[in-house]
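Quick notes on the structure that follows.
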Amino acid sequence: MTIHPVAAFDRIGEENAFAVLARATQLQHAGKDIINLGIGQPDFPTPAHIVEAGIKALRDGQHGYTPATGILPLREAIAADVLRRLSVEVSPEQIVVVPGGKVTMYMAILMFGEPGAEILYPDPGFPIYRSMIEYTGATPIPVPMREANGFGFSAEEALSLLTPRTKLIILNSPANPTGGVTPRAELEKLVKGLADRPDIAILSDEIYGQMTYDGEAHASPLSYPEVADRVILLDGASKTYAMTGWRLGWAIWPKPLMAAARKLAVNSFSCVNAPTQFAGIAALNGPQACVSDMVAAFDRRRKLVVSGLNTLPGVSAVTPKGAFYAFPNIRGTGWKAKPLASALLEDTGVATLGGPDFGVHGEGYLRLSYANSEENIARALERVAEFLTRVRPQ
Ligand code: PLP
């Protein structure tokens, strides 16, 4: 007899981005020149005024526990941000500050997942959705995100998958890994379609909500009074303010779920570390040019990466409308996605992820994060082009 975790842990998954990051770092230490288009985090440092606020909080003696849901001035700043950007009034009493956006999806899926329940989630999509759904014993129901649709969400397709057992529907726009953005018209169709299903909650992952291009507007289900009272809005500072390592996320919770969310916080992390919360106040209440400057840089790289990808033999890429990912179709190369991603890393030092890391509908695609310099993107594309002409598919 040996010790082992309960059976539910056999169903819990991984995020391969971290495994690829580890392998890329290992190759780098061995002397290989690595260009990392694998991990999804801004390559910019956290803006200086935010860093200073965190340091000041430490110097000022902010070393203790805070309220489990987060300090009030941060929750007020989050409520003001939601009002400014989405024109929706929320109370700081509906907000829970968490160590990273991921924690909100963990909480929400725990609240609705159980054997017999069905949870809809985007596929290809962020891998933790499916992993956590399976952990709870609920049935994961993938909503395909289709290239023909620009990887935009189809309300009709999602609504066709509802059953009396559906408990939660997960939305993600702008989307990881595709860069797809849900058109407002599709969101409206979904809202209408859910009118007679008040028993279904919506988890709206808007962690890339400020990263849209070509004048594309970000739309949130929280803006629709018909469903707002059952929307869990997931957001955070990781991507918007280049703060992935600080671990700062937050969510707007429907009032009936607030007690459960607070109790989960108390039962797990107690509170987000205090200096990070003060840095979050500086991020939200401070100048926002750091966000628009970063998005403008991503936009230039987006154009570079898409035009470069479309010149590669056997590769075609739709233009992503948000986030900082491209999701090129690589079927014409003759390669399967994961062997190609792995060969590219080992042979050329270019780290990418295979589409299947994001779900059953991800075969035939790679995910490239263009949160890297224009120079590195150009060098990576050159290496991939050379590789595809030199190496036959395996
Ligand atoms: N949601 C999506 C769609 C993401 O891509 C990520 C991170 O990559 C997260 C949530 C989690 O963000 P955080 O690092 O704040 O936990």
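Source: prediction; values computed, not measured. Counting starts at 1 for both ligands and their atoms, in listed order.
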ask   = Which ligand 1 atoms does Arg247 reach within 4.0 Å, using its non-hydrogen atoms?
value = 13 (P), 14 (O), 15 (O), 16 (O)
message = Determine whether Ser204 and Glu206 satisfy the following criterion, side-chain hydrogen bond (donor to acceptor under 3.5 Å, both in side chains), listing intermediate values before the conclusion.
response = CA-CA 6 Å; Ser204 183; Glu206 302 181 22; 2.6 Å; yes
inquiry  = Would you say that Leu171 contacts Leu190 through its side chain, given a criterion of any heavy-atom pair below 4.5 Å between the two side chains?
reply    = yes
query = Is the closest heavy-atom distance from Asn172 to ligand 1 below 4.0 Å?
reply = yes
ask   = In ligand 1, which numbered atoms sit nearer than 4.0 Å to a non-hydrogen atom of Asn176?
value = 3 (C), 4 (C), 5 (O)
query = If you count the atoms of ligand 1 from 1 in the order shown, which ones are under 4.0 Å from a heavy atom of Ser238?
reply = 13 (P), 14 (O), 15 (O)
query = What protein heavy atom is closest to atom 11 (C) of ligand 1, reported as residue, atom name and distance in Å?
reply = Lys102 N, 3.7 Å
query = Can you list the ligand 1 atoms lying under 4.0 Å from a non-hydrogen atom of Gly100?
reply = 15 (O), 16 (O)
ask   = Which one of Tyr208, Tyr213, Phe44 satisfies the ring pair (Phe, Tyr, Trp, His ring centres under 6.0 Å) criterion with Phe324?
value = Tyr208
key: Co-membership, hydrophobic cluster, residues Ile252 and Val272, 4.5 Å side-chain   = yes
Heteroatom proximity flag, Met105 to ligand 1, N/O under 3.5 Å = no
request  = Give a yes or no on whether a salt bridge exists between Arg184 and Glu188, defined as a side-chain N under 4.0 angstrom from a carboxylate O.
outcome  = no
request  = Flag Glu15 as yes when one of its N or O atoms lies below 3.5 Å from any N or O atom of ligand 1, and as no otherwise.
outcome  = no
query = ligand 1 versus Gln41, non-hydrogen atoms closer than 4.0 Å: side chain, backbone, both, neither?
reply = neither
SB check Asp214 Lys321 (cutoff 4.0 Å) = no
query = Under 4.5 Å between side-chain heavy atoms, hopping through other hydrophobics if needed: is there a path connecting Met107 to Ile200?
reply = yes
request  = Under 4.0 Å from a heavy atom of Asp205: give me the atoms of ligand 1 that qualify, with their elements.
outcome  = 1 (N), 2 (C), 3 (C), 10 (C)
key: Any N or O of Lys239 closer than 3.5 Å to N or O of ligand 1   = yes
request  = Decide, yes or no, whether a salt bridge links Arg379 with Glu382 under the criterion of side-chain N to carboxylate O below 4.0 Å.
outcome  = no
